[in-house]
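All values below were derived from every heavy atom in this structure, side-chain atoms included, with hydrogens, water molecules and symmetry-related copies excluded. Numbers here simply count residues along the sequence, with the first being 1.
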Amino acid sequence: MANPAGTPIWYELLTPDPDAAQDFYTHVVGWTIAPSNHPGMDYRIISAPDGVPVAGLLKQPDGMTAGPVWLSYLAVADVDAAVDAIERAGGATHMPAMTIDGVGRMALVADPQGATLYVMRGESAEESLAFRQAEEATPGHAVWNELSARDPEAALDFYAAAFGWRQDGAMPMGELGDYRFVSCGTTRLGAIMGEVPNGRIGWQYYFMVPDIDAAQQRLGSAGGKTIQGPDEIPGGSFALVCEDPHGARFGLVGSGGASRRKEDPI
């Protein structure tokens, strides 16, 4: 597996209505979504405008109470060893390790505070480009992974031990505490923070769009909701926290539209 252990290699949306979700995200984010043709299941592949696969889309299982939800897959060298370490650290296993021929071995787990994610060792020798750091990214790719935790210090300790992450700076947020940037090796992954108003405990993923204002207009016209933003972030882009029509939350990052650009002084 070409991706370093501890870095995101795939994303996935569990939703009650895959057809409606496909129409929504195609319109809002500009993705192309097509059947995977995997035998025995309706699993759809989400690709960025550059043609690179970035995520999967499938119907959430009947009786599932935690969805709809976006999930990520973190690369590990040994899935079974990773699951064992997560459980010993106080986490839980929601789906035991399983192998899908041609795809890889994976398990669905939760950290000690309940945030869910997959661990995976893929079979492909090719590098996954689903996640790209902002300076390398193009529209449609994931660019930021953000964890809201009741105890961010404990969360950081867990992910450092389980996946080799480290704090890589912080941004003070007043009464909300620090917004702790996290990296794995040379890759800046995102941030860990405490609970925020209107927020949810757990992971939230941000995908790049060319123009944040145009994306927000498409979000509303497609039946989605703006939860927060657009807010300017370091580097001059803008972040938007969104909710799709079924309640799954996700984020968008993009440049400001024409209404936000200041004219050059004469």
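What you find for A149 and P152 is that their closest heavy atoms are O-CD, 3.6 Å. Of all heavy-atom pairs spanning A5 and C184, the tightest one is O-SG, 3.3 Å. The two residues P68 and P16 make their nearest non-hydrogen contact at CB-CD, 3.9 Å. Between I86 and A110, the shortest heavy-atom distance links the atoms CG2-O, 3.7 Å. When all heavy atoms of V83 and A107 are compared, the closest pair comes out as CG2-CB, 3.6 Å. The two residues P49 and G140 have their closest heavy-atom pair at CD-CA, 4.0 Å.
The existence of a salt bridge linking E12 and R44 is excluded, since no basic side-chain nitrogen approaches an acidic carboxylate oxygen closer than 4.0 Å. Under the 4.0 Å criterion applied to side-chain N and carboxylate O atoms, D17 and K59 are not assigned as salt-bridge partners.
Criterion: ILVMFWY side-chain heavy atoms under 4.5 Å apart, direct or through other members. Under it, I201 and V241 are not part of a common hydrophobic cluster. Hydrophobic clustering (ILVMFWY, side-chain heavy atoms < 4.5 Å, transitive): Y43 and M120 are in one cluster. Side-chain heavy atoms closer than 4.5 Å link hydrophobic residues (I, L, V, M, F, W, Y) into clusters, and following such links, even through other members, never connects V52 to V103. Cluster annotation: M171 and L176 are assigned to the same hydrophobic cluster (Ile/Leu/Val/Met/Phe/Trp/Tyr, side-chain heavy-atom contacts under 4.5 Å, transitive). Residues I227 and M173 share a hydrophobic cluster, clusters being chains of Ile/Leu/Val/Met/Phe/Trp/Tyr side chains in contact below 4.5 Å.
Using modelled atom types, one side-chain atom of Q113 and one backbone atom of D151 make a donor-acceptor pair closer than 3.5 Å. Formation of a donor-acceptor pair under 3.5 Å by the S36 side chain with backbone atoms of H38 is found in this model. No donor-acceptor pair closer than 3.5 Å links the side chain of R132 to the backbone N or O of A137. T226 places no side-chain N or O within donor-acceptor distance of the main-chain N or O of C242, the cut-off being under 3.5 Å. In this structure, T26 contributes its side chain and Q22 its backbone to a donor-acceptor pair below 3.5 Å. Not one N or O on the side chain of E243 forms a donor-acceptor pair closer than 3.5 Å with the backbone of F250. No donor-acceptor pair closer than 3.5 Å links the side chain of N3 to the backbone N or O of E127. Of the possible donor and acceptor atoms, none in the side chain of D178 sits under 3.5 Å from a partner among the backbone N and O of R180.
The shortest distance between side-chain heavy atoms of Y118 and W10 does not fall below 4.5 Å. Within the 4.5 Å cutoff, the side chain of W144 has heavy atoms near those of the R188 side chain. Between V109 and T116 the shortest side-chain heavy-atom distance does not fall below 4.5 Å. For the pair V143/F207, no side-chain contact is recorded, criterion being any heavy-atom separation below 4.5 Å from C-beta on. Contact annotation: the side chain of H27 approaches that of S221 to within less than 4.5 Å [non-hydrogen atoms, C-beta and beyond]. Looking at heavy atoms from C-beta onward, V182 lies out of side-chain contact with R166 at the 4.5 angstrom threshold. A heavy-atom distance below 4.5 Å is not found between the side chains of L58 and D42. Between V119 and F163, the closest side-chain pair of non-hydrogen atoms falls below 4.5 Å.
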Practice item. Apply the test side chain to side chain contact (heavy atoms under 4.5 Å, CB included) to residues D211 and F238: give CA-CA distance (whole Å), side-chain angles for both, the deciding distance (0.1 Å), then the verdict. Key: CA-CA 9 Å; D211 183 317; F238 292 82; over 6 Å; no

Practice item. Would you sort out whether V209 and V253 count as a side chain to side chain contact (heavy atoms under 4.5 Å, CB included), showing the intermediate values? Key: CA-CA 6 Å; V209 292; V253 172; over 6 Å; no

Exercise for review: Carefully, step by step, assess M106 and R121 under the rule side chain to side chain contact (heavy atoms under 4.5 Å, CB included).
Suggested key: CA-CA 6 Å; M106 67 200 74; R121 180 178 176 85; over 6 Å; no

Practice item. May I have the step-by-step check of side chain to side chain contact (heavy atoms under 4.5 Å, CB included) for Y159 and D111, ending in yes or no? Key: CA-CA 8 Å; Y159 285 94; D111 70 22; 2.7 Å; yes

**Study point:** Verdict with supporting geometry, T93 and E87, side chain to side chain donor-acceptor pair (under 3.5 Å)
**Key:** CA-CA 7 Å; T93 299; E87 290 180 342; 2.6 Å; yes

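Atom NE2 of H141 sits about 9.5 Å away from atom CE of M208, to the nearest 0.5 Å. To the nearest 0.5 angstrom, T15 atom OG1 is 6.0 Å from D244 atom CG. Here the CG atom belonging to L14 is positioned 13.0 Å from the NE2 atom belonging to H246, to the nearest 0.5 angstrom. To the nearest 0.5 Å, the span separating CD1 on I33 from CZ on F24 amounts to 10.5 Å. Of the inter-residue distances, the one linking N145 atom CG with L189 atom CG reads 6.0 Å to the nearest 0.5 angstrom. Between atom CG of residue L13 and atom CG of residue L71 there is a gap of 8.5 Å, rounded to the nearest 0.5 Å.
In this structure, Y205 has its ring center under 6.0 Å from that of Y11. The aromatic ring centroids of W31 and Y25 lie less than 6.0 Å from each other. Between Y179 and F181, the distance separating the two ring centers is shorter than 6.0 angstrom.
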